[in-house]
**Q** 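Quick one: this structure, given as structure tokens, is what I'll be asking you about.
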Amino acid sequence: MREQYPAEIVELKWQKYWEENKTYAASPDKTKPKFYCLEMFPYPSGKIHMGHVRNYSIGDVIARYKRMRGFNVLHPIGFDAFGMPAENAAIDHGIQPAEWTEKNIEAMKVQLKRLGYSYDWEREVATCRPDYYRWGQWLFLRFYEKGLVYRKKATVNWCPACATVLAREQVEDGGCWRCDSEIQLKELEHWFFKITDYAEELLRDCEEKLPAGWPRKVLTMQKNWIGKSKGVEVNFRVSGENIDLPIFTTRPDTIFGVTFMVLAPESPLLERLTAGVANREAILAYADKLRHQDKISRAAADTKKEGMFIGRYAVNPLTGEEIPIYIANFVVMEYGTGAIMAVPAHDQRDFEFAEKYEIPIKIVIQNPELKLNAETLESAYVAEGVLVNSGDFNGQNNLSAIEKISEYIENKGLGQRTVQYRLRDWGISRQRYWGNPIPIIYCEKCGVVPVPDADLPVILPTNLKITGKGGSPLAGSEEFINTTCPKCGAPAKRESETMDTFVDSSWYFARYVSPHDESNPFNTEDANYWLPVDQYIGGVEHAVMHLLYARFFSKVMRDLGLLKADEPFANLLTQGMVIKDGAKMSKSKGNTVDPGRIIEDYGADAARLFILFAAPPEKELDCSDKGVEGSIRFINRVWRLVALNLERLKAASTDYEPNKLSPSGLRVHQKVHWAIDKVTRDIENNFHFNTAISAFMELVNELYSVDPGHESEWACYKNALLTLITMMAPFTPHLSSELWSIMEQPGAVLEQDWPQADQQALVKNELTIVVQVNSKVRTKLVVSADIEQGELKRLALANERVRIYTKGEEPVKIIVVPNKLVNIVL
RNA sequence: GCCGGGGUGGCGAAAUCGGUAGACGCAACGGACUUAAAAUCCGUCGGAGCUAGCCUCUGUGCGGGUUCAACUCCCGCCCCCGGCACCA
């Protein structure tokens, strides 16, 4: 046997064995307790990166650990295979996106297999294959029937580089989430998913169902994104006209302080309101200018507020006061009613606007500590206070006045309490080729006609020329676009746009439960056994995109009767980013680390161990240190432990009586059980694999420090080694499998039960007690574990080093912490 | 501005309930083996001090506090990372 772990030979051998024996296929036996372990599936770029290695190594330890714990584990993998890069490759190199993608999938599968992950490859899905996207279309149609899909003209975010629309979640700092190009705004007919119908439930479950298993950070991000505000919709009326001007406010307590109103420049009321106004043309032209102001900068809080009086007044329904109506850039049409009541004294935005246009400021909430004066006010007063200038409500605390005034408004029929969400409907149309075709047909006579189920899938043609010019490639394909109306049979045209790829990834976790089902997106019975996913693992960058969409889909699929689970992912682990030299890895920065190189140089187990040991999963991981050296060194240390004693180990039994061991043998025995206990707890609580691995290292250090003599010590030693190898199996499956087999152990190490710590062995019979004098450590005593407190005190006081510090003084008190310390206070 | 998470050696990080701060590893340094190197093994490794001891003092972003005892709890700050942000 070699003295070094021959990584490549051993790893390839076991990978072949696992593949041939389908070792990791989930069992169809639904009576067993299940565990569904899922990692976010990759985009098939063709090469895995360190982020993948981290994500999938974490998932693999969990899956293998749960398997050893007796669960029926489902651990699938697939490819999120639609999307821009394939199209770009087509444009740049003339290769068909389908071909390019399948090639990349093949290349990535080789790499994933080379890392030895325990995937059930029989269940692989790729979203770009018709047997998958067919069911995405099918779901679209069910959503459509439920009224959860609609088409409307809307201002949408347009990425000029990707030549497509983006959902709001996909815009980051005014740029495209994928390519960073500056977003433009366009008016387009667009398909939407009505995610807002589920806003309330999506929000509620952030508080009810998910907190036990999701990181608080992600829940907060989702809650902020949904952005629920409770308030009142109040009807203002245009002075002298029969026109209602409803506004939404969360601050009805300030309603007596309204001194003007503002409409969004997009407001459809503007036409009517300005009818007959002298400078109407100028106003409409100005509104037009505001509308075309760059939306990104318009939306920024630090943009200068600007607006214009539109020559009309509204009446405050509570005071009867006439107030001027403005249009301004800081009011957006998409939120609330697209109009606001402005209270400059108590809202900073309104304050800035009022100052600029010299609109009166009226204080209605007085600071109880420092009297406010409208003349000298330098910014809006937004804190708590007492109502003034507010008629019957004077003298009330403003927080309770919110309730009282809301009630008053409702009672008088002036408006009603409502709830507003920041969440908008999800725009899913993409003007791209490499995506799932939207299964809709446009007929001159019948209008919008859904493709009948029997005609699914709408196949994405794979023989198009992708040039990147002139709009959606599908629109240019006569063969694709021309069809007949399923209703009347007349010539009709297909929808030429495809779905956002986030649609494809919103339900893939369900497809894995029955990936080959040819009559349903997935089998309901299988889904009800396997779902929800017990552990989902992926990057935090999907906190409000993928994870929100998938939750939405899951709830709709439940309401369609396709599955029972309310939430798709019971537990979520968001791993930290992999960085290099303190910066995010990227090709443009040239600071990438290629996992392929590490595997080549050190092997898969070393790569896995390194990435798991470097930091706890949720933390950022810097790849720049030379930690891989350490992990291969450790693997070789374990290897040699067997290699150097192989014959003796094979000959040894594993039966021994702990209380008949020599002191060093007993130390090994205790260390093993300490390690079992520690590793188990580290995995169970928060997956702290780094400290679990450090426990392996400590155990190995212990094994190197002893020299077994007689038979029972060898038995103890062998048992310790086998336990170590067993516990390491989820982390280093190749090494463990090989050592298990070399030691001629029956069966496979990966099928062993997870070891159990013997509580007896965890109990120490000797303890080291710290002795402090005035809270400073002065000495340590090694005592028998069952020592009496009085005896311990006596020993401590009698100790020579202690006496140097007590100098004969009588202690004020002596604190004894059982099994830990004695503190003598003078 | 609001919300969330952080701040511990040269570095990555440990530290159940408030009870020995720095486990485990990386790097570095010294030594053994070797003709030499690699590999391996042994040792040192937060800072300061001299009397060189299993010593003393000091040390977990800063300033206070509670406590016999604080990385840990409380109050007030500073800094870093992530998210949201004219959302009425």
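Below, read A as the first sequence line, B as the second, and so on, with proteins coming before strands; counting in each chain starts at 1. Fair warning: this is a prediction, and the values are worked out from it, not measured in the lab. Scope of the values below: all heavy atoms of this structure, side chains included, with no hydrogens, waters or symmetry mates.
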**Q** Rounding to the closest angstrom, what is the interatomic distance between B/G1 and B/U16 at atom C1'?
**A** 38 Å
**Q** On the side chain of A/R640, is there an atom forming a donor-acceptor pair with the base of B/U40 - under 3.5 Å, no angle test?
**A** no
**Q** Any side-chain N or O of A/R778 below 4.0 angstrom from OP1/OP2 of B/U20?
**A**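 Checking B/U20 against A/R778, no side-chain N or O comes under 4.0 Å of OP1 or OP2.
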**Q** Can you tell which of B/C86, B/C3, B/G19 lies closest to the side chain of A/I815?
**A** B/G19
**Q** Strictly by Watson-Crick or wobble contacts shorter than 3.5 Å, is anything paired with B/G1, and which nucleotide is it?
**A**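 Its partner is B/C84.
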**Q** Testing the 3.5 Å rule here: is there a donor-acceptor pair between the side chains of A/Q222 and A/R551?
**A** yes
**Q** Of the options B/A88, B/U20, B/A85, whose atoms approach the side-chain atoms of A/W225 most closely?
**A**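 Closest of the options to the side chain of A/W225: B/A85.
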**Q** Quick one: is A/R216 getting a side-chain N or O under 4.0 Å of the B/C3 phosphate, OP1 or OP2?
**A**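 False: A/R216 side-chain N/O out of range (4.0 Å or more) of B/C3 OP1/OP2.
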**Q** Need the pair for B/C57. Rule: Watson-Crick or G-U wobble, both distances under 3.5 Å, any strand; none if unpaired.
**A**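 Across any shown strand, B/C57 pairs with B/G47.
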**Q** Quote, to the nearest angstrom, the C1' distance that separates B/G18 from B/G65.
**A** 15 Å
**Q** Let me confirm one number: the CG-CG distance from A/N690 to A/L612, rounded to the nearest 0.5 Å.
**A** 9.0 Å
**Q** Check for me whether the distance between the ring centres of A/F613 and A/F689 falls short of 6.0 Å.
**A**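 Ring centres of A/F689 and A/F613 not closer than 6.0 Å.
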**Q** Less than 6.0 angstrom separating the ring centers of A/F260 and A/Y357, yes or no?
**A** no
**Q** Glycosidic conformation of B/C74, syn or anti, with 90° from 0 as the boundary?
**A**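 Anti conformation here, the glycosidic angle of B/C74 being more than 90° from 0.
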**Q** For B/U56 and A/Y805 - does any side-chain N or O of the residue sit under 4.0 Å from the phosphate oxygens OP1/OP2?
**A** yes
**Q** Do A/F192 and A/W426 make the cut of ring centroids closer than 6.0 angstrom?
**A** no
**Q** Please determine whether a side-chain nitrogen or oxygen atom of A/N329 lies at a distance below 4.0 Å from atom OP1 or OP2 of B/C86.
**A**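 For B/C86, OP1/OP2 do not have a side-chain N/O of A/N329 under 4.0 Å.
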**Q** Roughly how far apart, to the nearest Å, are B/U66 and B/C75 at atom C1'?
**A** 11 Å
**Q** For the base of B/C68, is there a side-chain donor-acceptor partner from A/N823 under 3.5 Å away?
**A** yes
**Q** For RNA chain B, whose closest nucleotide is more 5', that of A/A695 or that of A/G338?
**A** A/A695
**Q** By the 4.0 Å heavy-atom rule, please label A/K305 as base, sugar-phosphate, or nothing.
**A** base
**Q** Please state whether the phosphate of B/C87, meaning OP1 or OP2, lies under 4.0 angstrom from any side-chain nitrogen or oxygen of A/R424.
**A** no
**Q** At under 4.0 Å, does any side-chain N or O of A/R349 touch on OP1 or OP2 of B/A85?
**A** no
**Q** Taking atom C1' in both B/C78 and B/G63, compute the distance separating them and give it to the nearest angstrom.
**A**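 Those two atoms are separated by 10 Å.
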**Q** Taking the side chain of A/T220 as heavy atoms from C-beta outward, which of B/U20, B/G4, B/A88 is closest to it?
**A** B/G4
**Q** Distance check, P atoms only: B/A70 and B/C77, in whole angstrom units.
**A** 24 Å
**Q** Side-chain N or O of A/K813 versus OP1/OP2 of B/C68: is the shortest distance under 4.0 Å?
**A**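 For B/C68, OP1/OP2 do have a side-chain N/O of A/K813 under 4.0 Å.
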**Q** If only side-chain N and O atoms count, and only distance matters, is there a donor-acceptor pair under 3.5 Å linking A/R422 with A/N224?
**A**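 No - no donor-acceptor pair under 3.5 Å links their side chains.
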**Q** Report yes if at least one side-chain N or O of A/R801 is closer than 4.0 Å to OP1 or OP2 of B/U56; otherwise report no.
**A** yes
**Q** Can you tell which of B/U20, B/A85, B/A13 lies closest to the side chain of A/V770?
**A**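 Closest of the options to the side chain of A/V770: B/U20.
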**Q** State whether A/T691 places a side-chain N or O below 4.0 Å from either non-bridging phosphate oxygen (OP1 or OP2) of B/A13.
**A**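 Answer is no, no contact under 4.0 Å.
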**Q** Say we look at B/U51 and B/A38: how far apart would their C1' atoms be, to the nearest angstrom?
**A** 45 Å
**Q** Pick the C1' atom in B/A21 and in B/C71, then give their distance to the nearest Å.
**A**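 So the two C1' atoms sit 8 Å from each other.
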**Q** Mind checking the P distance from B/G10 to B/C62? Whole angstroms is fine.
**A**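 Result for the P pair: 14 Å, nearest Å.
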**Q** Does a side-chain N or O of A/K776 approach OP1 or OP2 of B/U58 to a distance below 4.0 Å, or not?
**A**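 Answer is yes, contact under 4.0 Å.
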**Q** If you check every side-chain atom of A/F613, which of B/G25, B/A69, B/G19 has the closest atom?
**A** B/G25
**Q** Decide whether A/Y286 and A/E306 meet the rule of one side-chain donor and one side-chain acceptor closer than 3.5 Å.
**A**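 Looking only at side-chain atoms, A/E306 and A/Y286 do form a donor-acceptor pair, the distance falling under 3.5 Å.
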